[in-house]
Structures are given as structure tokens and as C-alpha cells.
Amino acid sequence: MDDLKLLGELRADAPAPDAARLDRLRRRIEVASVPRPVTRRRFWVAPSILAAATAAVGTIALLNGVERPAVSPPVIVETVPVRAEVVLRQAALVAERRRAGDAPRADQWMYRKVVVKQSGQDTPTLQEYWTRYDGAEQAFRENGGRMEGHAIEPDPDDDDLAPREYAAKLARLPTDPDALLAHVKGDRHWKVKAEDDPVGAESADARAFRVLSVYLDQQLPMPPKLEAAIFRAFAKIPGVRVDMGVHDAADRAGIGISYDGGNQRDAEGRLVSRSYVVLDAGTYRYLGRRVDNLQDDILDGEILSRKGTSYASAELARGVVEEPGQVPAQRS
Amino acid sequence: MTDLESDDAEVMARARQDPAAFSVLFDRHAPELHRYVTRRLGDSLADDIVGETFLVAFRRLGRYDTSHRDARPWLYGIAANLIHKHRRAEVRAYRALARSGVDEVAESYAERVEARVSAGAAHRSLAGALTLLSAEDREVLLMVAWTDFTYEEVGRALGIPVGTVRSRLHRARRKTRAALGGVDPSAVEEKGKARG
């Protein structure tokens, strides 16, 4: 008697769900997963394109050190590619002269005000986040509306670090650019990763760019030496490019840092979109993000995003306050 | 796979930018996953586990390895973790089936309970053997028997090397065969087509 065959017969009449049941289930998932902010996360997080971008598809254009882009210029005509190393070296020099911020107290709140402009959306969405430094509570408000708050239960399975934990993580990182680069090439960033995230697909360079970008996007006082090391490490990743005149969601023109090797390409090998970290052109402080859709993104015949559209965010304020609802006096 | 049809990896890459694209993945895999969970734990837990599986998958979208074109092993791996939390109930049902011939899991989805016949002796012995397996060995055995995954895919789903899949399967089958009256337990041939 073949045990596997017999096992194959056991409960072989188990039915697949009918259409109505599937519909109900699909709606349940849509309700829980789609609304902004993504409430299934332990922390509400400002929309983060780069945090999610891990796909390494297509060839990597070697742009670092090359003055002209290998692909045709993007639809955003006013951006100008420049020598990445020169800009990033300058950014590092400016960043390392910053004064280190004081560590907040556990009961203080990290405030962050972000504006988000989706493609096809006429008016941008204004989002404000207050996160207690120890990660115990969070509050959120959209377009100046009602405050929503929630307590955060510690969950060892979750991969969002509390601000305090994240600050400790940043403090432990090497500030030598080569050592930092070596570290992030082996860091998948997320805590939960074991069984569902084999190391395979993402190239070391794509991962390094992604993880360093996520570091820059934290609502935390960034150690100046680390920030400088991040810029210097960017300059060492082949294919990292810098464009001038990249606009954030508040229409501020800044410097866009991007890495095409980590982005999706279409059937003809053209880059579908380019996503930037946008920095202030004078102070090199983080301004926001921008994703330019360079080609139509088509899935099963349906256009998800049209060529020429864009997504952008902009950080309008951040700082440390005493309670949710308060805003810092000035951009810190 | 035709040119017009995106594979799972492309769907996942797109869903990172547009969450609506994620529903394509649900439509593709939820029915079969639902059936698999029903087969493991019964009808009443299937909605919750399938729903939670897709929510976890959605949350972890950014970490999906897009070199794997078929997302099923990844989804079933997430589901396996959720099923594992109900392992005591699962084993209880096998034990009841072994002792009484009544399968409460099968009854949970049967439309007419009174029409059911009790399980045959071989299935009762098999169910008894399933209660003797470690949760890890049982997971491998049932994934091999109740999905069409290759050993490599089972390994990817459970986050274990393919050699470990083979050794767990070998261990599990030694017990199921012994329960069924014994064939040579050291002879583990390649998996047969075992679809239900």
C-alpha cells in the first residue's frame, strides 16, 4: 500500500470556496490592507517607496562617474544628471559639520509632517505623525482632521522598530563608508525575514542603496558622522545617479539620488520608473521622495500608472515635542 | 504562461507601487490555498487563515524575492506558520479519526453529515501515524502529499534546505508505512503524483 497515495485520498473531497465566500474574503483583505495609512503595521509610517523597492530587474546602468545617462532622458525635462561623486562628497562634508541632536526622552514624541502627492491626485494629502520615542504610542492626523491614536503592543514578530530602538541601531552602524557599505550589503534591514526572504534576488548594490535610503528616511536625529558616511557610501555604489532639479511634493527643487539597477524594466528593457531620495540642494537635508513613471506600467492589460505621471512626498517639518498635537517651533 | 499574463513576481513588484495589483495574487491562489487549509484544519478556520496569510503577504511585499516567479511556496509558507498555531487541534482531529473513524475535519465541510460513511481502516491507521509525527515532519509530509510542490518548493515554503525536506519526509514516511503494515522503510523513492 502506497502511503502517499493513500494520504492523497484523505480528505480529497475538501472543497474550494465558492465565489461569494471568496468575495467576502477579498473585501476583508482589501479593507485591512489598502487604506492609508497602512494600519496593519505596528507603526503608521509615512509612505515609503524605497523601503519597499527590492526588485533587481534588468541590467544596471553604470552611471556613477559617467556624465550622461545611458538611457534617454526622463520625461521630467528640467532634471539634469550630474557627477554623483562630486555632489555626494559635498553632501558628506556639509552633513558631518552638523551638530548632533540631543537624544529625546522616552516619553517625548517624534513629530513628522509629510505631504504626499499620488499620480492622478489633484490635491496632495497632508499627514502628521506623532510617535512616542519609546514606541509605546502613536498618533496620526490627515489633512488637519481628527486625531487618531493607538497604543502599540510589543510584538516580537513585528519588524518595525520603535524610534528609540532604531536610534540605537543607527548608533551602532560603522561610520567608515567602506565598512558601512559592507554592512548594509549583508543587511536586509527587516527583522522578520527568515523563512520568506531568501537572499537571492536583490543584488548587493541594490540592497545597499535601499537600506541606506531607508536609514535616511527615519524620523530620528541622524548622527552627523553616519549621515556623511551614507552619502560617501552612495558614491561608492556603481550606478547611483544624482539629478539636479528634482521636485518633491511641495514643489521644492532639490537633488535627486537614485539607483536604476534596483528598478523595474519593461519588456524592451526600458526603465519603467525612477525613484529618488530628494535632498535640499544647499543643506543636503532630506526633503522627500519622488517616483517618475518613465513608461506605462501595464499589468494584465490594465495600466497601473501612466508614463509621465509621478508620485512624490515631502517632509515639511519634523522635531521632538512633549505631547501629540504639539508641533515643533521650527524645522529642526 | 503567455506573454499577456504576468507571473507572480511581476504582480508583486507592481503591487509594491499599487496595492490594488495585489488582488491579482489573491484571485490566483486564494481558492487552492483555502482548500488546502480546509483539508488541514477544517472549514471554520480556513477563512481566517487564508485572510491572515494574504495580509501577512501584503505586509511583507517589499521582501518578496522576485527571482521566484511562482509565489505559491511563499504563500503556503506563511500559511504553514499560521496552521502551526493550531497544531493541537489538528492532531486532535487525526486522533479522533484514528480511534472512531469519524473525521471532524471532513464533517466540517460536508454538506450532509448523515450521508457520510466512516473512514476505512487504512485511513484510520494513517491518521494514527500522523499523530505520531513531529509537527515539522508532518508539515513536510502533508505539503508533499496535498500540493503539487517539488521538494525544492517545499523547502522554499518552509525555509529549509531541500536535503532537510528529504530527511523529514523520509522520517515521516517510515512511520506512515509502519502504520500501514510496513514496506521497506529505507526505500524512499521520488514523490509520486499525489493530487486529491
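So you know, we letter chains A, B, ... as the sequences are listed, proteins then strands, and number each from 1. When reading the values below, keep in mind they use all heavy atoms of this one structure, side chains included, and skip hydrogens, waters and symmetry mates.
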For this session: Would you name the heavy atoms of A:L7 and B:W146 that are closest together and state the gap between them?
Result: O-NE1, 2.9 Å
Problem set entry | Minimum-distance pair of heavy atoms, taken over all atoms of B:A145 and A:L4 | CB-CD2, 4.0 Å
Problem set entry | Closest heavy-atom pair and its distance - A:A14, B:R35 | O-NE, 2.6 Å
Exercise. Of all residues at least two apart in sequence or in a different chain, which pass the salt bridge (charged side-chain N to carboxylate O under 4.0 Å, His left out) check with B:K175?
Worked result: none
For this session: Answer yes or no: are there more than 12 heavy-atom neighbours, outside B:R87 itself, under 6.0 Å from its atom CZ?
Result: yes
For this session: Considering only heavy atoms and a distance below 4.5 Å, find which of B:D48, B:L97, B:V50 pairs most often with chain A.
Result: B:D48
Exercise. Which answer fits B:L33, side chain, backbone, both or neither, if we ask what part of it has an atom under 4.5 Å from a heavy atom of chain A?
Worked result: neither
For this session: Among B:T176, B:T38, B:D47, single out the residue with the greatest number of heavy-atom pairs under 4.5 Å to chain A.
Result: B:D47
For this session: Indicate the atoms forming the closest heavy-atom contact of A:P17 with B:P31, along with that distance.
Result: CD-O, 3.5 Å
For this session: Please report the closest heavy-atom contact between B:H123 and A:L10, naming both atoms and the distance.
Result: NE2-N, 3.8 Å
Exercise. Can you name the salt bridge (charged side-chain N to carboxylate O under 4.0 Å, His left out) partners of B:R95, sequence neighbours left out?
Worked result: none
For this session: Test B:L180 against A:D2 for side-chain contact (heavy atoms from CB on, under 4.5 Å), laying out the working first.
Result: CA-CA 9 Å; B:L180 293 172; A:D2 182 337; over 6 Å; no
Exercise. Does any N or O in the side chain of A:R11 come within less than 3.5 Å of the main-chain N or O of B:A106, such that one atom is a donor and the other an acceptor?
Worked result: no
Exercise. Is it the side chain or the backbone of A:R21 that comes within 4.5 Å of chain B heavy atoms, both, or neither?
Worked result: side chain
Exercise. Tell me, side chain or backbone of B:L130 under 4.5 Å from chain A's heavy atoms, or both, or neither?
Worked result: side chain
